[in-house]
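Inspection log for the structure reproduced underneath, given as structure tokens.
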Amino acid sequence: MALLAMAVAPGAACMLLADAADSPMAGWRALLCGIAMAAALLLLTRRIWLNVAFCLPLLLFQPVEWYAVHTYHSQVSPAMFAVFLLTNVGEASDFLAHLWPLILGLYAAWIAVLAGVIWSLRRWRSELPLARRLAISGPLLVAAVASAVAADGLAGIRIHAAAAPFAGSAIRCGQMLSQRGEVERLAAQRAGFRHEAASAREGERQLVILVIGESLRWGNLQINGYARETTPRLSARDGVLSLGDVAACSHLTTLALPPALTGCSPDDHDGMLRRTSLVAACREAGFATRWLSNQAPTGRWDELVASYAHESEAVRWMNPAPLVSEWGRVQVYDDKLIDALASELAGLPDRALIVLHMQGSHMRYELRYRPEEAVFLPAASQGSGEDYRQQPDRMRNAYDNSVVMTDRIIDACIDLHLRSGRTGFVMFVADHGESLLDDARGFQGHGCLPPPEVELRVPWLAWPSPAEIAAHPAPWRSLAENRMRKASTRDLFQTLLDLAGVRTRDSDPERSLASPTYRERARAIIDSWQRPLDFDRDVLGR
């Protein structure tokens, strides 16, 4: 029983501290399920040291679970596993810099305890008969299964086993791998999907530039009323339109961007797996398509956003291999995207869509701009691994400096568009926002539970070229009139295609902010556990 307590203790603490459960009883059921799984694993054979060795990988993951609960008020969800898997080594090191002593200390403690147990029991071979093992583990397993089924039917077994401490982390990791496999498995169906898209602007020299930002808060933009001069260029630029009430579809990139790029509901996972994105729709309509990314490169089927990138005719990753860019401290700043954009424009066909995917304001913020470009001082120092919670003012200064870099990138895109002399527009939307120790809960980063408003309210900017306004003024008037209406980044799909003059079989003017018939509706979001929520009711409390 001492072994059982040792296995379950960290996970039990996670369960009791977390806000992930829908109710206190759900948390206790998951805890019971975790105890039952731990008992079963520890009693697999009569050689206790083999059981302990078998459980060692699961025990070693407990400090990570503990950290996630402390930071995000949640266990590590399948979506978070995907984020960790796709985060390069250097970025993870920067993120965990001030936590390494704690994490390594916890690991050392666990290994010491396990080594002591194995040593003390090294001669125990066959003193625990099968009947005794079944008597210990059997009732626990029966009680856990009965409790889960009584609450949620047969699905409750899966739900509570995945949420349980200890072995539940392995189940959630398996769920993440299964979801990744689904993306590749359905590739053939997606390849055959057709939007039946056509352009209403044949013969125009047209350029659409979509800039996808990262971790950018609506309230930290000067153009939205922020007291600091974080967007001096865009604030002085004529024609820039900033939408005032936009909710992201989630607070994790891997969950937020697929609905925005496909127009699917955030909880329609199957739809996003089977449909192609606005990139494919524009390509069907005769646009040359390019995707330029300063995110770390990922495989085509690693996650949905990568698969959408590969729907374009060409993908360029600005970031080199992770070990070079991060461990070697060769930072690749977002303005490299502007050089790539300029080179693409040199030989571009008459109609083109170019997507730029930034690092934006992703933590660590001080790595998103050059030290000599810092406007707000003192700011966190590159490579220092400062604990933001101990230096909140330096953290906020570094964050606002990263916003200034985003201002430069969007303004440079507008300059390049102007030089092209084409119709079309530059559009910017952030994937999600960011918590900066805004309230008593002390959240910092994104993916926190319950999701706060600052992680979901995002900026959405649009700038039409002079040639665009002269040729197609009506949709831009509608966009201006709808500027302060309730919107979701899910509306990006219909709005961008509408402004670009692209019609598909699923065109829906009521979801286009560029249409006079745009209709406000409930803004569906999903949290890091992929649970559906209503932004206005569940986050804003309206």
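Note that the numbering runs from 1 along the sequence shown for the chain. Just so it is clear, the values below take in all heavy atoms, side chains as well, and ignore hydrogens, waters and symmetry mates.
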Say you draw a straight line from [atom1] of [X] to [atom2] of [Y]; how long is it, rounded to the nearest 0.5 Å?
{"X": "Glu520", "Y": "Ser488", "atom1": "CD", "atom2": "OG", "value": "12.0 Å"}
{"X": "Phe535", "Y": "Leu456", "atom1": "CZ", "atom2": "CG", "value": "6.0 Å"}
{"X": "Met427", "Y": "Cys413", "atom1": "CE", "atom2": "SG", "value": "13.0 Å"}
{"X": "Glu455", "Y": "Asp527", "atom1": "CD", "atom2": "CG", "value": "11.0 Å"}
{"X": "Leu348", "Y": "Leu353", "atom1": "CG", "atom2": "CG", "value": "10.0 Å"}
{"X": "Arg368", "Y": "Ser402", "atom1": "CZ", "atom2": "OG", "value": "8.5 Å"}

If we only count heavy atoms from C-beta on, is the His310 to Ser307 side-chain gap below 4.5 Å? no

Mind checking whether Glu366 and Met395 have side chains closer than 4.5 Å, heavy atoms only? no

Between the side chains of [X] and [Y], is a donor N or O closer than 3.5 angstrom to an acceptor N or O?
{"X": "Thr230", "Y": "Asn220", "value": "no"}
{"X": "Thr289", "Y": "Ser312", "value": "no"}
{"X": "Glu434", "Y": "Tyr365", "value": "yes"}
{"X": "Arg316", "Y": "Ser343", "value": "yes"}
{"X": "Thr231", "Y": "Asp407", "value": "no"}
{"X": "Thr423", "Y": "His472", "value": "no"}
{"X": "Asp334", "Y": "Tyr369", "value": "no"}
{"X": "Tyr333", "Y": "Asn294", "value": "no"}
{"X": "Ser435", "Y": "Gln444", "value": "no"}
{"X": "Arg228", "Y": "Asn397", "value": "yes"}

For the side-chain contact (heavy atoms from CB on, under 4.5 Å) test, which of Val355, Thr276, Thr262, Val279 pairs with Tyr308? Thr262

So among Glu510, Arg490, Lys486, which one has a side-chain contact (heavy atoms from CB on, under 4.5 Å) with Arg521? Glu510

At their closest point, which heavy atom of [X] faces which heavy atom of [Y], and how far apart are they?
{"X": "Ala500", "Y": "Val208", "answer": "CB-CG2, 4.1 Å"}
{"X": "Gln222", "Y": "Ser235", "answer": "CD-OG, 3.6 Å"}
{"X": "Cys249", "Y": "Pro266", "answer": "CB-CG, 3.8 Å"}

Crowding at NZ, Lys336 (>12 non-hydrogen neighbours, <6.0 Å): no

If you draw a 6.0 Å radius around CD in Glu313, do more than 12 non-hydrogen atoms from other residues or ligands fall strictly inside? yes

Any side-chain to backbone donor/acceptor pair from [X] onto [Y]? Under 3.5 Å, distance only.
{"X": "Arg201", "Y": "Gln206", "result": "no"}
{"X": "Gln295", "Y": "Met358", "result": "yes"}
{"X": "Gln494", "Y": "Asp506", "result": "yes"}
{"X": "Arg217", "Y": "His432", "result": "no"}
{"X": "Asp431", "Y": "Ser215", "result": "yes"}

Suppose we screen for side chain to side chain contact (heavy atoms under 4.5 Å, CB included). Which residues come up paired with Asp267, at least two apart in sequence or across chains? Ser265, Ile526, Pro532

Residues in side chain to side chain contact (heavy atoms under 4.5 Å, CB included) with Ser420, at least two apart? Leu207, His417, Arg422

Verify whether the ring centers belonging to Phe493 and His195 lie closer than 6.0 Å. yes

Please confirm whether Phe425 and Trp476 have ring centers closer than 6.0 angstrom. yes

Between Asp268 and Arg274, does at least one N-O distance fall below 4.0 Å, as a salt bridge requires? no

Can we say Arg523 and Asp245 salt-bridge, meaning some charged N sits less than 4.0 Å from an Asp/Glu carboxylate O? yes

May I have the step-by-step check of side chain to side chain contact (heavy atoms under 4.5 Å, CB included) for Ile409 and Asp335, ending in yes or no? CA-CA 6 Å; Ile409 300 304; Asp335 52 11; 3.9 Å; yes

Taking the six-membered ring of Phe193 as reference, does the NZ or CZ atom of Arg505 fall below 6.0 Å from its centre and within a 45° cone about the axis? yes

A cation-pi test, strictly: NZ or CZ of Arg394 under 6.0 Å from the centre of the six-membered ring of Tyr388 and no more than 45 degrees from its axis. Yes or no? no

